[in-house]
Amino acid sequence: MRKENNRGGMNLKTTIRMITGCLMGLATTLIVPCHAHAEEYTYSVGQGFEFSSGKYGTNARTDSIYAPLTVIACPTNRLGFSLEIPFVYQSNGNVITGIGRGGMQGSKTTMLPAAGMSGMSGSGGGMSPSSASTTQSESGLGDIILKVGYTLLPEKDSMPQIRPTAFIKFPTADNNKSLGTGEFDEGFAVEISKWFGNWNPFVEAGYTVQGKSAQLSLRNYMAYNAGVGYQVADNFRPLLLIKGTTPPADGASSLLEVRLKLKYQASKHTGIDGYVAKGITTNSPDYGTGLSVYYDF
């Protein structure tokens with residue numbers, strides 16, 4: 001049997017079991033019967049774990065892990081900052097991660113075939129540094145994202161909440177390992193939401209300006225998501241949403257993904273989010289799942 005060259009020093013199944021086990025153990029400890037509402041706190045720290053799998057227009061399947069540590073600070077009840085520091089793993093170098101993040105309603109990103117792979121038209125006119133040995137796994141620090149959001153209009157009886165968000169993506173991921181594009185991105189989004197009894201519909205649209213890459217013909221793109229949540233209990237709310245983007249590069253498809261998300265407030269300070277996702281377009285993952293635990297203080 002052929003052994004896979006695992007230069008990243010990490011076996012995918014072992015990594016999934018280890019991280020999932022830690023998070024599920026923490027979640028099991030934290031989930032206790034209670035009816036606590038989420039309250040307003042100044043700071044929040046969260047640890048997430050996301051797994052996705054797809055071919056993304058190539059001939060090989062790529063499994064990926066995105067595990068972000070997120071720190072949130074809210075100096076006022078309208079203004080909020082967040083810093084996302086992710087660990088990234090993928091089972092091969094056939095795709096480039098780090099595209100399509102930003103906004104408020106959820107993570108998972110588009111993944112593009114590396115230049116020279118499967119018809120992807122990179123402006124560099126050849127192969128990316130990692131595309132010559134696409135079977136090896138890669139891991140490391142992902143792109144760090146800084147966001148700032150401000151509630152421009154709080155929700156009132158006849159008016160929805162309107163909250164603009166701006167973000168910048170720092171190119172901290174190693175583009176030679178296809179863990180990022182190696183470019184700065186900036187963007188903004190506007191989220192509109194409103195409660196109608198226990199129902200909470202929302203919609204968000206934004207625009208991202210991508211850096212210029214010698215290996216990919218990156219485009220600026222629009223991103224959107226829309227959905228509805230229902231408050232089943234004081235501490236439990238499921239949400240159904242769709243999210244997508246216009247094509248983020250020449251030769252790439254748009255992104256379109258359907259996601260079922262569950263939010264559980266385990267205590268006054270501790271919350272747990274989980275989701276399952278199904279991709280629809282070529283550059284979306286075939287399927288994905290995620291779990292995050294956060295603590296407010």
Side-chain angles (χ1 to χ4, degrees), residues 48 50 52 54 56-57 64 66 68 70 80-84 86 88 95-113 120 142-152 160-171 173 180-181 183-193 201-213 216-229 239-261 273 275 277-288 290 292:
E50 302 175 33
S52 61
Y56 309 102
S64 67
Y66 188 83
T70 304
F81 299 88
S82 73
L83 184 67
E84 185 175 289
V88 180
V95 297
I96 294 177
T97 60
I99 296 174
R101 295 186 181 271
M104 300 298 291
Q105 281 297 338
S107 302
K108 200 58 197 164
T109 183
T110 306
M111 297 176 71
L112 297 178
M120 183 65 197
D143 289 324
I144 294 175
I145 300 173
L146 175 65
K147 301 179 188 177
V148 55
Y150 183 79
T151 302
L152 188 64
Q161 175 178 283
I162 300 177
R163 185 175 177 85
T165 302
F167 72 91
I168 181 170
K169 186 202 80 175
F170 298 92
T181 64
E183 306 296 329
F184 282 92
D185 295 349
E186 304 85 27
F188 67 90
V190 178
E191 183 189 42
I192 301 174
S193 62
F202 56 86
V203 62
E204 182 186 45
Y207 189 77
T208 296
V209 178
Q210 296 199 91
K212 302 298 182 182
S213 172
L216 288 171
S217 298
L218 298 174
R219 293 182 184 178
N220 301 339
Y221 61 89
M222 295 187 65
Y224 60 89
N225 65 74
V228 62
L239 304 92
L240 182 66
L241 63 102
I242 61 170
K243 64 191 306 287
T245 72
T246 58
D250 292 344
S253 74
S254 58
L255 178 148
L256 186 60
E257 178 182 302
V258 178
R259 184 175 292 191
L260 175 62
K261 188 174 183 178
D273 291 358
Y275 75 86
K278 178 70 175 84
I280 298 174
T281 55
T282 300
N283 289 123
S284 302
D286 294 338
Y287 54 86
S292 61

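Every residue meeting the side chain to side chain contact (heavy atoms under 4.5 Å, CB included) condition with F184, not counting sequence neighbours, appears here in chain and number order: I168, F170, P171, E186. Y207 is linked by a side chain to side chain contact (heavy atoms under 4.5 Å, CB included) to F188, V209, N220, M222, counting only residues two or more places apart in sequence or in another chain. In this view, L240 and V258 satisfy the side chain to side chain contact (heavy atoms under 4.5 Å, CB included) rule, not counting sequence neighbours. Not counting sequence neighbours, the partners of I162 by the side chain to side chain contact (heavy atoms under 4.5 Å, CB included) test are L153, V190, I192. In this structure T281 satisfies the side chain to side chain donor-acceptor pair (under 3.5 Å) test together with S284, sequence neighbours excluded. Remark: T246 engages no residue in a side chain to side chain donor-acceptor pair (under 3.5 Å) (not counting sequence neighbours).
Of the inter-residue distances, the one linking I280 atom CD1 with S253 atom OG reads 11.0 Å to the nearest 0.5 angstrom. To the nearest 0.5 Å, the span separating OH on Y150 from CZ on R163 amounts to 9.5 Å. If you take NZ on K147 and CZ on F167, they are separated by 8.0 Å, rounding to the nearest 0.5 Å. Taken from OG1 in T282 to OH in Y56, the straight-line distance is 11.5 Å, to the nearest 0.5 Å. Interatomic distance, K243 NZ to E257 CD, rounded to the nearest 0.5 Å: 5.5 Å.
The main-chain N or O of L255 is never found under 3.5 Å from a side-chain atom of N283 such that the two would form a donor-acceptor pair. At distances below 3.5 Å, not a single donor-acceptor pair connects side-chain atoms of D273 with backbone N or O atoms of S292.
In the model, T208 has no side-chain atom that pairs as donor or acceptor with a side-chain atom of K169 under 3.5 Å.
Taking both residues in full, the closest heavy atoms of E204 and A189 are given as OE2-CB, 3.7 Å, listed atom of the first, atom of the second, then distance. Taking every heavy atom of both residues into account, G142 and V88 meet most closely at CA-CG2, 3.6 Å. Taking every heavy atom of both residues into account, P247 and Y221 meet most closely at O-CB, 4.0 Å.
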| said: With side-chain contact (heavy atoms from CB on, under 4.5 Å) as the criterion, how do Q161 and T151 come out once you've worked through the C-alpha distance, each side chain's angles and the decisive distance to 0.1 Å? | reply: CA-CA 7 Å; Q161 175 178 283; T151 302; 3.8 Å; yes
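Contact check for F202 versus L239: side-chain heavy atoms found under the 4.5 Å cut-off. Side-chain contact between L218 and K212 is absent, with no heavy atoms from C-beta onward closer than 4.5 Å.
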